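Letters go in sequence order (proteins before strands), and every chain restarts at 1. Please read these numbers as outputs of a predicted model, since none were measured by experiment.
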Amino acid sequence: MQERLKELQTEALEKISTAADLKELNDIRVSYLGKKGPITEALKGMGKLSAEERPKMGALANEVRDSIAAGIEEKQKHLEEAAVQEKLAAEKIDVTLPGRPVKTGNHHPLTRIIEEIEDLFIGMGYTVAEGPEVEKDYYNFEALNLPKGHPARDMQDSFYITEEILLRTHTSPVQARTMEKHEGKGPVKIICPGKVYRRDNDDATHSHQFMQIEGLVVDENIRMTDLKGTLEVFAKKMFGEDREIRLRPSFFPFTEPSVEMDISCKICGGKGCSVCKGTGWIEILGAGMVHPNVLEMAGFDSKKYTGFAFGMGPERIAMLKYGVDDIRHFYTNDVRFLKQFSIHE
Amino acid sequence: MFVSYKWLQEYVDLSGVTPAELAEKITKSGIEVEGVEVLNEGIKGVVVGHVLEREQHPNADKLNKCLVDTGADEPVQIICGAPNVDKGQMVAVATVGAVLPGNFKIKRAKLRGEESNGMICSLQELGIESKLVAKEYSEGIYVFPGDVEVGQDAIVQLNRDDQVLELGLTPNRSDCLSMLGVAYEVAAILGREVKLPEPQVETTSEKASDYIDVQVEAKEDNPLYVAKVIKNVEVGPSPVWMQARLMAAGIRPHNNVVDVTNYILLEYGQPLHAFDYDRLGSKEILVRRAKDGEVIVTLDDAKRELTSDHLLITNGSEPIALAGVMGGANSEVQSDTKTVLIESAYFKGATVRKASKDHGLRSEASSRFEKGVDPNRVRDAAERAAQLLAEYAGGEVLEGSVEADSLQVEPAVVSVTLEKINRVLGTELSMKEVEEIFARLQFETAVDNDTITVTVPTRRGDITIEEDLIEEVGRLYGYDNLKSTLPVGASTPGHLTEYQNKRRLVRRYLEGAGLYQAVTYSLTNEAKATQYALEERKPVQLAMPMSEDRSLLRLSIVPQLLEVLKYNSARQNDSLAVYETGAVFLSNGDEELPEEREHLAGAVTGLWQSHPWQGEKKPVDFYVVKGILEGLFDKLGLSGKVAFRQIEKAGMHPGRTAEVLLSGNSVGFVGQVHPTVEKELDLKETYVFELSLKAILEAEVAPLQYEAIPRFPSITRDIALVVDNGAAAGELEAIIKEAGGKLLKDVHVFDLYEGEHMEPGKKSIAFSLKYFDPERTLTDEDVTKAHDKVLDAVKEKAGAVLRG
Ligand SMILES: [Zn+2]
C-alpha cells in the first residue's frame with residue numbers, strides 16, 4: 001500500500017510536470033485528488049492495517065495528497081503566468097505610431113501681444129479701459145487738441161460717417177472719455193487696447209484697420225522721468241533685458257513735450273542693418289506729457305495735474321518680435337499663420 | 001526737407017562734425033533724420049574734359065567720334081552717342097578705370113570698329129534722378145557753362161561732393177522747411193553761431209513804386225504783400241552751384257529767374273513768385289478773392305474754374321496767379337523776359353490749403369504757406385532774391401519795394417517757472433542752465449526770481465505755451481540725460497473688469513475646444529453687412545468709402561468668418577475651426593453714435609476629428625458645435641438658463657438651425673450653413689454660431705456656493721418614450737424636469753431610435769433619470785411616487801407612451 005501511494009505520487013507528479021494547459025492540469029487534479037480518485041481508493045484498504053500502521057499510512061496518504069496538490073498549484077501558477085505572458089506578448093503595440101491628436105486652437109498673435117502688454121501694466125497698477133470704435137469727432141480730435149482745420153488731422157485721414165461721427169483713428173478718445181469720467185480727480189492709470197481705422201490702402205505695411213494700445217497716467221507730480229522709466233520697464237519685458245531704449249523728441253498734438261521711443265536693433269546689435277535702416281534703432285512707440293489743453297478739456301486742472309501717455313501698434317510689435325513681414329497676414333487669418341503662435345515662449 | 005551738408009556750412013560752422021554725426025545729433029534733439037544720402041557714392045575717376053574735335057562716326061549714324069583732352073598726356077578718342085556733344089564743350093568724362101553708380105566700370109572698348117577710351121557723361125549717369133535734370137541736358141550729356149579747367153574732378157565742379165540729410169519734419173517744425181531754420185536748429189544743438197546772409201543790393205535811381213501799385217482787398221487772406229522790380233534781366237542758366245543745391249533739395253533747375261525764387265524758397269522758407277512785368281498788362285497788382293465761376297489758366301496750361309474761396313493775384317482786372325499755389329500762364333517768365341516783378345507775400349495757410357486741395361496742386365510753395373511762413377522773413381526774402389537776380393541774371397534792382405501791409409506781428413512772450421520745468425521733466429536744472437539753453441536757441445529771455453520769460457522769435461510759431469518751452473529745455477538738455485523713475489503717489493490696484501476677465505475665459509475655452517481665434521475687418525460690403533445679423537437694423541454706412549467692399553460696418557461676424565474658411569479651404573485647409581470676438585454696429589440714425597455690441601461668432605468646417613491610421617474621420621455636425629456652446633454656458637454658470645429652439649434663418653439650413661435662448665431671450669443662433677451657400681463658397685459641411693457676447697457675459701450668475709458631496713446613494717430609472725417623429729427631446733426633458741420635483745437630480749438622453757421596429761412616424765427617445773435626496777437613502781416607494789408623476793406628465797403633455 002505504501003508502494004502504491006508512492007507510485008501514485010510519482011505518476012501524478014510526472015503528469016503534472018508535462019501538463020500543457022490549465023485544463024489538463026484540472027483533469028489531473030480531479031483524477032488524483034477527487035473523491036473517486038486513486039488515493040481515496042488506496043485508502044479504502046486501510047481497514048486491513050494494524051492500529052499502529054494505520055496513522056502512519058494516513059500521514060503518508062496526506063503527504064502524497066499534499067505533494068500532488070502543491071505540484072498542481074505550482075504548475076497552475078506557472079501556466080497562468082505563461083498564459084499572461086503570452087497574452088501580453090500578443091498585445092504588443094507600435095508605440096511610435098502617432099497619438100490621437102487633441103484638438104486645440106490658439107489666440108491670434110495680436111491678442112497675444114495685447115494681453116501680454118495688458119498684463120504687464122495691470123501688474124503696475126493699471127486698469128484696462130475700452131471705448132467705442134465709432135466715435136464723435138469731439139473725442140477723436142477736438143478733446144485731443146486737434147480742433148477742426150488742424151493740419152495734423154491730415155496725418156490721420158479718417159473714415160467719416162457723418163460730419164461729426166467717424167471711425168476712431170486712434171484709441172486716444174478712450175483716454176479723453178476716461179479722464180472725463182474721473183471728473184478732475186486723479187489718479188488715472190489706464191491702458192486702452194482696441195481697433196482703429198484710417199484711410200489707407202492695404203499693402204505690406206498699411207492696413208485700413210489695425211490695433212492700437214495706449215497708456216495714460218494722470219496724477220499730481222507725474223514727471224517725464226516717470227514716462228521714461230515706465231517705457232523702459234515695458235521695452236525690457238517685451239523685447240528683452242538687453243535692449244536699450246532712447247527717447248527722441250517728436251510731435252503729437254495731444255502731448256507736449258512729445259517723444260518717440262526707439263529700441264536698439266536686435267538684428268545688428270546697433271551697428272546698422274536693413275531692418276533698422278542703418279540707424280541701429282527701431283521705432284516702437286510715440287509718447288509724451290499730456291498736453292494741458294487735453295487735461296483742461298477733460299476737466300483736470302493742468303496747474304495741479306500732469307500726466308503721460310504713450311501709444312503703440314501691436315501689429316508693428318508683433319512684426320518686429322516675430323519677424324512677420326506683411327501686415328495683411330494679421331487679417332487674412334491663414335491657419336498656417338495662426339498656428340505658428342500656439343507655442344508658449 | 002533735404003539739407004545739403006555743404007550748403008548748411010555756409011550758415012553754421014560744422015567743423016569736427018561729420019554728416020553722420022550731425023544726423024545723429026539732430027535726430028536725438030528734435031527732428032528725425034530719415035536718411036543721409038552721399039551724392040557721390042560709388043563714383044570714381046570722373047574728370048573735366050575738353051572736346052577738341054567731333055566728327056560723325058564712320059560706321060554709325062547716331063554716334064560721334066570725339067577727341068577729348070582730359071588732362072592726360074595725350075587727348076583720347078571717345079565715342080559718344082549723345083546728340084548734343086560738340087567741339088569746344090567742357091564735359092564730364094569717365095576715364096578708363098572710372099566707376100559710376102551701380103558699380104559700372106569704364107573700360108577701353110571698340111564701338112563699331114572705333115576705339116573708345118572712356119565715356120562722356122550725362123547727369124543721369126552721374127547718379128542724378130532724371131526728374132531733377134534740367135530740360136536742356138535731359139536728353140544728352142551735361143555741358144559745363146564755364147569756369148572749369150581740364151582735368152579737374154568733375155564731381156567737385158558739379159558740387160556733388162556732398163551729403164544730403166533727409167529730415168522727417170513733424171507738422172510743428174515747419175520752421176525747418178528752410179535752410180535758415182535748420183541752421184538755427186543745428187546751431188542750438190552744437191552751441192555755435194548762426195551766420196545769416198546779408199543781402200546788399202545796389203539799386204538804380206528808378207523806384208519800384210514808379211512801376212507798380214499794390215492793393216490788397218482781401219487783407220485777412222493776405223496781410224502782407226511785397227513787390228520788387230528788377231529790370232534788364234538776362235534769362236539764362238543759373239550758376240552750377242545753385243543748380244546743384246536745387247537738385248540736392250529735390251528741385252529741378254529751369255533758368256536763373258525761376259531758380260532764384262526756388263533758391264530763396266529753400267533758403268528762407270519763403271515762397272516767391274516771379275512775374276514777367278511786361279506781360280502783366282497793367283501797372284497794378286490787386287489781391288482779391290475770385291468770383292464764383294472766374295477762370296484762370298495756370299502755368300501748366302490748365303484752365304481752372306474758381307470759387308470765392310480762392311485768393312487771386314490780379315492785374316487789377318484779370319487773374320495773373322492763384323495766390324500761393326501757382327502763377328498764371330499769361331504772366332509767366334520766358335526766355336525773352338526783361339523786367340521781373342518778384343512777389344514775396346504772407347498768405348493765410350487755410351486759404352492756400354483750400355485752393356491747393358481744390359485744384360490738386362500741392363507744391364513746395366503751397367505746403368509752406370499752409371504751415372505758415374515766418375512773417376518777419378517776407379521782406380528779407382524779397383531783398384535776397386533781388387540781390388541774386390542782380391548777381392546771376394545781370395538785373396538792375398529798382399529802388400525800394402511796393403508793399404501792402406496790414407500785418408500785425410507780435411512775437412509770442414511766454415513765461416514758465418523753473419519749478420514747473422523741473423517738475424514736469426523730473427530734472428534738477430538750475431536757472432542758469434535753462435537760460436543757457438534758450439541762449440543757444442537765440443531766444444531772448446528775462447529772469448525774475450523763479451520765473452523765466454521768453455520772447456519767442458516769429459520763426460518758431462510752434463511755441464505758444466509754457467509746455468512748449470519745457471519741451472525746448474528737455475530736448476536740448478537731452479532725453480538721454482533724464483533719469484528713469486516710476487510714478488509715485490497713491491497706489492492703484494491693477495485689474496481686469498469682470499467682463500474683461502470673462503471674455504478672456506471665453507477665448508481660452510474656445511481655443512482649448514479646438515477653435516483658432518481670427519481677427520477680421522469691421523468694414524464690409526452691403527450684402528455681407530446684414531447677412532446673418534441677429535437683429536434687423538440698418539447698418540452704419542461710411543460717407544466716402546474707399547471701395548464698395550469696405551463701405552459699411554458689419555452687423556454680424558459670421559460672413560467674415562466664412563470668408564476666412566473660404567480662403568483657407570482654397571489653400572488645402574478644408575477642415576478648420578475659427579472664432580472671433582468683436583463689435584458689430586447697429587445704427588441709431590445719423591445724429592447718434594451707433595450701438596456697438598460685442599459678439600462671439602464661430603465657424604467650423606470639414607473634419608472635426610480625425611485619426612487616419614485608426615480609421616477615425618468624424619466630420620463636424622450640429623451636435624459638435626452645440627456641445628461646444630453648452631460647455632461654454634456651463635463654464636459661465638449659465639447652463640440652467642439656456643435653451644435651444646429650432647428656427648429657420650436666411651442663409652442657414654432650414655432643418656438644422658437653432659436659436660439660442662438665455663432666460664427666454666434670444667441671444668444668437670447655431671446651425672449648419674445653407675448648402676447653397678456652402679457650395680458658393682466651395683466649403684464642406686459647415687456649422688456656424690453667433691451670439692451676443694455682451695448679453696452672455698452680462699447675464700446674472702448665482703455666486704459660487706459649495707454643495708455637499710452626496711452621502712446617500714442615488715437611484716436611476718431609465719425610460720424609453722415613443723413619440724411623434726417631430727417631437728423635440730428638449731421639450732420632453734423640460735416636462736420630465738418639471739414633473740420630477742426636487743428629488744429628480746438629473747435627466748439625460750441616452751438613446752434615440754428611429755428604425756424599422758417603430759410604428760411609422762414614431763421614434764423612441766430613452767432618458768435616464770437620477771433620483772436623489774441629500775438627507776436620506778431613498779426608498780423604492782419614494783422614487784416610484786416621483787417617477788409615476790413623470791410618466792403621467794409626459795403622456796399627458798407630449799402624448800409619449802412607454803416603449804414596451
Ligand atoms: Zn539693425
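When each of Glu220(A), Met124(A), Met289(A), Arg336(A) is checked for heavy-atom pairs under 4.5 Å with chain B, Arg336(A) comes out on top. Between chain A and the residues Val424(B), Ile31(B), Asn422(B), the most heavy-atom pairs under 4.5 angstrom are made by Val424(B). The most heavy-atom pairs under 4.5 Å with chain A, out of Arg508(B), Arg173(B), Glu32(B), come from Arg508(B). In terms of non-hydrogen atom pairs under 4.5 Å with chain A, the most contact-rich of Arg507(B), Lys28(B), His495(B), Arg475(B) is His495(B). The choice from Glu130(A), Lys303(A), Glu135(A) that makes the most heavy-atom pairs within less than 4.5 Å of chain B is Glu130(A). Interface check for chain B: of the options Thr306(A), Thr230(A), Val233(A), the most heavy-atom pairs under 4.5 Å are formed by Thr230(A). Between chain A and the options Thr485(B), Thr427(B), Leu425(B), Leu576(B), the largest number of non-hydrogen pairs under 4.5 Å is found for Thr485(B). Listed options Ala350(B), Gly489(B), Ser522(B) were ranked by heavy-atom pairs under 4.5 angstrom with chain A; first place goes to Ser522(B). Of the listed residues (Leu231(A), Ile190(A), Ile245(A), Asp119(A)), the greatest number of heavy-atom pairs within a distance under 4.5 Å of chain B belongs to Asp119(A). Of all the listed residues (Arg248(A), Lys339(A), Glu164(A)), the one sharing the greatest number of non-hydrogen pairs under 4.5 Å with chain B is Arg248(A). Chain B forms more heavy-atom pairs under 4.5 Å with one residue of Asn293(A), Val134(A), Asn106(A) than with any other, namely Asn106(A). Of the listed residues Glu591(B), Met544(B), Arg504(B), the one with more heavy-atom pairs under 4.5 angstrom with chain A than any other is Arg504(B).
Only the backbone of Pro545(B) comes within contact range of chain A, with heavy atoms under 4.5 Å apart. Residue Tyr126(A) touches chain B through its backbone alone, counting heavy-atom pairs closer than 4.5 Å. For Leu167(A), the part sitting under 4.5 Å from any heavy atom of chain B is the side chain, from C-beta outward, and nothing else. Using a 4.5 Å cut-off between heavy atoms, Glu163(A) does not touch chain B at all. Looking at Pro98(A), both its backbone and its side chain come within 4.5 Å of chain B, counting heavy atoms on both sides. With a 4.5 Å cut-off on non-hydrogen atoms, Val102(A) does not touch chain B at all. Only the side chain of Ile465(B) comes within less than 4.5 Å of a heavy atom of chain A; its backbone N, CA, C and O stay farther away. Residue Asp202(A) touches chain B through its side chain alone, counting heavy-atom pairs closer than 4.5 Å. Both the backbone and the side chain of Glu133(A) come within contact range of chain B, each with at least one heavy atom under 4.5 Å from a heavy atom of that chain. Interface remark: Tyr197(A) contributes side-chain atoms only to the contact with chain B (heavy atom separation under 4.5 Å). Only the backbone of Ser302(A) comes within contact range of chain B, judged by heavy atoms closer than 4.5 Å. Neither the backbone nor the side chain of Asp262(A) comes within contact range of chain B; no heavy atoms are under 4.5 Å apart. At a 4.5 Å heavy-atom cutoff, the contact between Asn573(B) and chain A is made by side-chain atoms alone. Using a 4.5 Å cut-off between heavy atoms, Glu616(B) contacts chain A through its side chain alone, with no backbone atom that close. Residue Phe121(A) does not touch chain B at all, counting heavy-atom pairs closer than 4.5 Å. With a 4.5 angstrom heavy-atom cutoff, Pro487(B) touches chain A via backbone and side-chain atoms both. Within the 4.5 angstrom heavy-atom criterion, atoms from both the backbone and the side chain of Ile222(A) approach chain B. Heavy atoms of Glu466(B) lying under 4.5 Å from chain A are absent altogether. Proximity to chain A (any heavy atom under 4.5 Å) is shown, for Glu34(B), by neither the backbone nor the side chain. The parts of Lys136(A) that come within reach of chain B are both its backbone and its side chain, each placing non-hydrogen atoms under 4.5 angstrom from that chain. Contacts between Val519(B) and chain A at a heavy-atom distance below 4.5 Å involve backbone atoms as well as side-chain atoms.
Asn172(B) and Thr170(B) form a side-chain donor-acceptor contact under 3.5 Å, judged by distance and modelled atom types alone. Side-chain contact check for Glu580(B) and Thr520(B): at least one donor-acceptor pair (N or O, by modelled atom type) lies under 3.5 Å. In this structure, a donor-acceptor pair under 3.5 Å is absent between the side chains of Gln517(B) and His107(A). A donor-acceptor pair shorter than 3.5 Å cannot be found between the side chains of Ser551(B) and Gln541(B). Side-chain atoms of Asp137(A) and Tyr160(A) form a donor-acceptor pair, as typed in the model, at a separation below 3.5 Å. With no hydrogens or angles considered, no side-chain donor-acceptor pair links Asp334(A) and Thr332(A) at under 3.5 Å.
The closest donor-acceptor contact from the side chain of Asn568(B) to the backbone of Val335(A) lies under 3.5 Å. Judged purely by atom type and a 3.5 angstrom limit, Lys189(A) has no side-chain atom pairing as donor or acceptor with the backbone of Thr492(B). Of the possible polar contacts, one joining the Arg571(B) side chain to the Tyr567(B) backbone as a donor-acceptor pair under 3.5 Å is found. Side chain of Thr279(A) to backbone of Cys276(A): a donor-acceptor contact under 3.5 angstrom is found. With hydrogens and angles disregarded, a donor-acceptor distance shorter than 3.5 Å links the side chain of Arg112(A) to the backbone of Phe341(A). A donor-acceptor pair under 3.5 Å is absent between the side-chain atoms of Thr255(A) and the main chain of Ser258(A), judged by distance alone. Counting only distance, with no hydrogens or angles, the side chain of Lys538(B) and the backbone of Leu586(B) share no donor-acceptor pair below 3.5 Å.
A cation-pi arrangement is absent between Arg198(A) and Phe210(A), since the terminal nitrogen or guanidinium carbon is not both under 6.0 Å from the aromatic centre and inside a 45° cone about the axis. Both the sub-6.0 Å distance and the 45° axial angle are not jointly satisfied by Arg328(A) relative to the ring of Phe330(A).
Under the 6.0 Å cut-off for aromatic ring centres, His208(A) and Tyr521(B) qualify, their centroids lying closer than that. Between Phe254(A) and His291(A), the ring center distance fails the sub-6.0 Å criterion.
Other residues, nucleotides and ligands contribute only 12 or fewer heavy atoms inside 6.0 Å of the NZ atom of Lys483(B).
Across Thr225(A) and Gly426(B), no two heavy atoms sit closer than the pair CG2-O, 3.5 Å.
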